[in-house]
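Presented below is the structure to which this report refers.
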Amino acid sequence: MHLYLRDDIEAAARSGALGASVPPGAAIAGDVAASVFEALFALTGEVYRQSENRRTLRCEIAGRGYFAKLHAAVGWREIATSWSTGKRPVIGAADEYRACSRLADAGVLAPGVAAFGESGPSPATQRSLVVCDALDGFVSLEEIANDWARNPRPTAVKRRLLVAVADLASRMHAAGVCHRDFYLCHLLANAAKLSDGDVELAVIDLHRAVVAGQRAPSVRARVRDLAALCYSAEAVPLARTDIARFVATYTGQPPARAVRGQRRFWAAVQRRASRLRVRAVARGLATGTAALNAHGATAVSIGKLSDVGRDPSLPFRFDADFGDGGRRVVCMELLRVQPGRRLVARSRLGASPGDDVIVKAFFGRRGKRDCRRERRGLQALESTGVAVPRLQGAGRGAGAHVLAFEPIDAARAPGMADLPALVSVLARLHAGGVRQRDLHLGNFVVATGAVYAVDGGGARRQRMGRRGCFRDVARLLAGGSPEWDVADAFDTYAKVRGWTMSPRERGQIDVLLAAARRREAIRLARKSVRDCTPFAVHSDAVGLTATARDDPDPQLEAVVADPERAVATGEPLKRGRTATVVRCGSLVVKRYNVKNRAHWWRLKTRVSRARRAWQAGHGLRLLGVPTARPRALVERFDAAPGSAAAYLVLDYVDGTSLAALAVARTSSVPVSADMLMSVRELFAALRGARVAHGDMKATNLILADDKLHLVDLDAAVWHRNPWWFRRRHQRDCERFQRNFSALDPAIRRALAEAVG
């Protein structure tokens with residue numbers, strides 16, 4: 001590990017301003033240096049640019065402003081890809097550190113390096129950072145150039161800027177530094193001096209810079225830098241005399257002699273600038289006034305949308321081409337994110353709120369196919385007369401296929417009052433020969449009394465029979481509230497289609513709806529162990545941690561961070577060889593123990609009991625079965641005999657178990673009607689879901705809030721085969737009735753009838 005700290009950063013570290021632990025008088029080396037490095041790597045602030053492996057942000061340390069670049073590990077694959085395409089891989093902050101130091105020695109204004117660090121045994125796993133002084137009061141030359149048409153500068157100022165840029169490029173190359181990203185956006189001018197007609201320039205963003213030894217950069221490297229500069233300055237009107245002045249300043253020779261002596265060099269600069277211009281048009285890079293909008297200077301710049309995670313800094317911007325040249329898209333609000341595949345955001349294409357659009361971006365291996373399916377699906381939906389968002393543009397940008405739609409004002413999710421209109425829309429789709437394969441309420445919105453279909457990715461032209469159509473109606477209703485009038489919805493659908501429902505079809509409504517809800521529950525159970533919209537799941541070689549995304553709870557976070565401590569300090573509820581259960585406030589933590597070596601081998605060949613309970617809990621709660629809410633799942637793949645294989649965190653159900661009721665009840669006290677109803681509803685729900693509990697002990701049934709709650713779902717199984725489920729369900733019924741074998745026969749008969 002290597003760490004350099006300037007005096008001000010070292011003083012901040014020793015004073016505790018960084019949050020690192022530095023003992024008084026201790027040298028910053030070894031473990032202390034590692035602590036300071038981690039504190040610097042965890043810096044937060046206003047993010048200016050973000051990619052998969054690098055983040056640039058402005059932060060405050062001890063009341064002073066700095067810019068930090070934090071480089072994560074790139075991996076061997078990225079390094080091999082760069083070398084195979086003839087590119088030099090950028091694996092850390094060392095290049096920027098060396099370039100800033102070299103330019104400072106050469107008298108070129110660049111950000112002063114306040115801290116630099118590297119940590120990692122190999123280039124692929126190395127993390128690094130560089131912290132530089134913030135150049136406050138400076139403005140980008142790109143902003144000046146893009147705004148030149150609306151706010152032209154005096155000719156004298158333009159000439160001074162031109163000479164200053166040429167002089168900076170000449171001194172930078174003479175110092176042996178090749179920038180490799182020498183665009184106007186990386187040149188800053190002192191705003192105060194510029195307003196007085198003076199010019200002071202600084203160069204930034206040197207993370208790709210190449211620092212030569214004692215020799216000047218190669219001809220190819222200098223051509224690359226000057227071509228980038230030439231291309232990015234196209235927004236500024238430059239006469240032949242301006243170009244001659246630049247050449248004379250850069251070479252230190254009269255223009256005619258410099259051009260005659262280096263004709264091939266300057267021709268190469270022009271050719272590369274032309275190639276950059278063609279590439280910019282193809283990629284839709286925004287220039288001129290298109291690059292200026294309300295958030296152009298403050299939004300985080302995203303080069304590739306595939307780098308955007310689930311929670312990026314907002315707003316962020318990227319460039320796209322919708323067939324009318326480059327446009328700058330500023331994403332204001334994320335509506336849906338599928339990392340590595342799709343992004344939907346409320347965005348802005350201009351400076352005014354009237355330029356708002358809904359952007360759908362498709363990227364990754366299947367991005368082109370998904371975008372094509374979306375457009376075809378929306379065309380199919382529109383052909384049936386259903387309202388859909390109006391497409392305003394389609395193009396490419398930031399490594400993605402991008403669609404821009406007109407926003408739907410005052411859009412909201414469908415409610416119970418919208419059920420007739422919603423079912424009517426589905427009927428029109430089916431009548432027009434279009435089926436929505438990804439059918440759920442989230443693909444419809446209501447605005448100004450109309451129901452809009454907003455997702456075309458799952459729409460296909462497909463003819464269906466009556467049973468298939470009614471099955472789709474059940475799928476749509478399965479995601480709604482149990483209070484919805486299902487029978488009336490089916491009648492509305494049949495009326496729109498001009499059908500008359502037979503008694504047999506009416507009798508199948510409950511069956512279709514139960515099957516649809518069961519599919520939704522199984523789908524949610526499967527999603528609960530992968531990272532998706534409702535669940536945050538982190539998995540690596542060590543283990544897996546799963547929580548619900550909309551569940552911010554400090555107590556839960558503390559338990560997940562150190563579950564073993566929670567087990568050690570909680571109130572014991574059960575201590576067994578296989579599992580230990582404790583209560584921590586409003587939470588219950590269940591620790592699954594590895595008994596011995598044979599048990600360890602068995603755990604390697606099957607789904608863990610903790611995962612089974614976690615999935616079953618979410619699925620059953622979706623179906624309305626009362627059970628403890630699962631809050632977190634922590635699995636340990638490297639668990640050894642005697643340690644914990646997993647932890648399951650649930651809500652504590654405050655009630656009385658049926659075991660206590662069975663012991664306290666006498667033959668003279670009948671079972672209440674409410675309790676019999678709870679038993680009847682519970683077993684009916686299990687039959688509808690086709691779930692076998694597997695351990696119907698009285699201690700696993702808790703009466704709380706006049707409902708019978710089912711807990712301890714470690715052995716719960718979702719059965720696909722009805723015959724096999726009936727066998728397992730019969731075992732559950734028999735095990736439940738054995739809990740009350742000592743009670744009065746009349747009570748046992750009442751419970752047996754309730755079980756069914």
Any donor and acceptor pair, going by atom type alone, linking the side chain of Glu333 with main-chain N or O of Arg346 inside 3.5 Å? no
Are Arg54 and Leu70 packed together at the side-chain level, in the sense that at least one heavy-atom pair is separated by less than 4.5 angstrom? no
So does Asp355 pair up with Arg348, basic N to acidic O under 4.0 Å? no
Rounded to the nearest 0.5 Å, what separation is found between the CG atom of Leu188 and the CG atom of Leu194? 12.0 Å
Kindly indicate whether the side chain of Thr81, heavy atoms from C-beta on, has any atom under 4.5 Å from the side chain of Trp76. no
Just by distance, do the side chain of Ser347 and the backbone of Ile358 share a donor-acceptor pair under 3.5 Å? no
side-chain hydrogen bond (donor to acceptor under 3.5 Å, both in side chains) between Arg341 and Ser306, intermediate numbers included: CA-CA 7 Å; Arg341 186 170 180 180; Ser306 57; over 6 Å; no
Is it true that the NZ or CZ of Arg127 lies under 6.0 Å from the centre of Phe41's six-membered ring and within 45 degrees of the ring axis? yes
Does a donor on one side chain and an acceptor on the other come within less than 3.5 Å for Arg530 and Ser539? no
Within the 4.5 Å heavy-atom criterion, are Leu161 and Leu141 side-chain neighbours or not? yes
Please confirm whether the backbone N or O of Val434 pairs with a side-chain atom of Gln462, one donor and one acceptor, at under 3.5 Å? no
Stepwise side-chain contact (heavy atoms from CB on, under 4.5 Å) check, Arg159 with Leu162: CA-CA 5 Å; Arg159 290 175 179 173; Leu162 201 69; 5.5 Å; no
Between Tyr183 and Tyr231, how do the two ring planes meet: parallel, tilted or perpendicular, split at 30° and 60°? perpendicular
Only one of Arg460, Arg523, Arg373, Arg475 forms a salt bridge (charged side-chain N to carboxylate O under 4.0 Å, His left out) with Asp438, so which one is it? Arg523
When you measure from the side chain of Arg245 to the backbone of Val163, do you find a donor-acceptor pair of N or O atoms at a distance under 3.5 Å? no
In this structure, CG of Leu135 is separated from CG of Leu109 (nearest 0.5 Å) by 6.0 Å
Between Leu391 and Ala404 the two heavy atoms that sit nearest each other are CD1-O, 3.4 Å
Salt bridge present between Asp319 and Arg396 (N-O < 4.0 angstrom): no
Hey, are the side chains of Lys360 and Asp455 touching, using non-hydrogen atoms and a 4.5 Å cut-off? yes
Looking at side-chain heavy atoms only, is the closest gap between Tyr66 and Asp133 below 4.5 Å? yes
Start with the C-alpha gap between Glu46 and Leu57, add the side-chain angles, then the distance that decides, and say whether side-chain contact (heavy atoms from CB on, under 4.5 Å) holds. CA-CA 5 Å; Glu46 182 182 357; Leu57 56 91; over 6 Å; no
Lys/Arg-Asp/Glu bridge criterion (N-O < 4.0 Å) met for Arg549, Asp531: yes
One should read off an interatomic distance between Leu343 CG and Gln338 CD, to the nearest 0.5 angstrom, of 10.0 Å
Check for a donor-acceptor pair, side chain of Ser232 on one end and backbone N or O of Leu184 on the other, with a separation under 3.5 Å. yes
Without swapping roles, check the side chain of His186 against the backbone of Ser140 for a donor-acceptor pair under 3.5 Å. no
Under 4.0 Å between a side-chain nitrogen and a carboxylate oxygen: does that hold for Lys69 and Asp205? yes
State, with a plain yes or no, whether a side-chain heavy atom of His207 is found less than 4.5 Å away from one of His71. yes
Nearest 0.5 Å please: distance from the SG atom of Cys230 over to the CD1 atom of Ile243. 7.0 Å
Arg376 atom CZ, over 12 foreign heavy atoms within 6.0 Å: no
Under 4.0 Å between a Lys/Arg side-chain N and an Asp/Glu carboxylate O for Asp242 and Lys158? yes
Does one side chain, of His173 or Asp225, offer a donor that lies under 3.5 Å from an acceptor on the other? yes
Non-hydrogen side-chain atoms of Pro89 and Trp83 separated by less than 4.5 Å: yes
Pair Arg208 + Asp95: basic N to acidic O under 4.0 Å: no
Could you go step by step and tell me if Arg277 and Glu234 meet the salt bridge (charged side-chain N to carboxylate O under 4.0 Å, His left out) rule? CA-CA 10 Å; Arg277 190 179 307 111; Glu234 288 183 345; 2.2 Å; yes
Whether Trp266 and Tyr250 hold their rings parallel, tilted or perpendicular, with breakpoints at 30° and 60°: perpendicular
State plainly whether the residues Glu200 and Lys193 are in salt-bridge range, i.e. N to O under 4.0 Å. yes
Charged N-O contact under 4.0 Å between Glu60 and Arg58: yes
Knowing that exactly one of Phe322, Phe362, Phe363 qualifies, which makes a side chain to side chain contact (heavy atoms under 4.5 Å, CB included) with Val402? Phe322
Which heavy atom of Ala99 sits nearest a heavy atom of Leu206, and at what distance? CB-CB, 4.0 Å
Under the side-chain contact (heavy atoms from CB on, under 4.5 Å) rule, what do Arg412 and Asp418 come out as? Steps first, then yes or no, please. CA-CA 11 Å; Arg412 58 176 177 82; Asp418 307 306; 2.8 Å; yes
State whether a side-chain donor-acceptor pair under 3.5 Å links His430 with Asp472. yes
How far does CZ of Phe535 sit from OG1 of Thr547, to the nearest 0.5 angstrom? 9.5 Å
Apply side-chain contact (heavy atoms from CB on, under 4.5 Å) to the pair Ile408 and Val454, showing each step before the final yes or no. CA-CA 10 Å; Ile408 301 173; Val454 295; 4.1 Å; yes
Could you check if a side-chain atom of Phe444 sits within less than 4.5 angstrom of a side-chain atom of Leu476, using non-hydrogen atoms only? yes
Any idea which heavy atoms bring Phe318 and Cys331 closest together, and the distance? CE2-SG, 3.7 Å
Distance (rounded to the nearest 0.5 Å) between Thr384 OG1 and Leu426 CG: 10.5 Å
For Arg437, does the CZ atom sit with more than 12 other heavy atoms under 6.0 Å from it, leaving out its own atoms? no
Can you check whether Asp167's main-chain N or O pairs, donor with acceptor, with Ser170's side chain at less than 3.5 Å? no
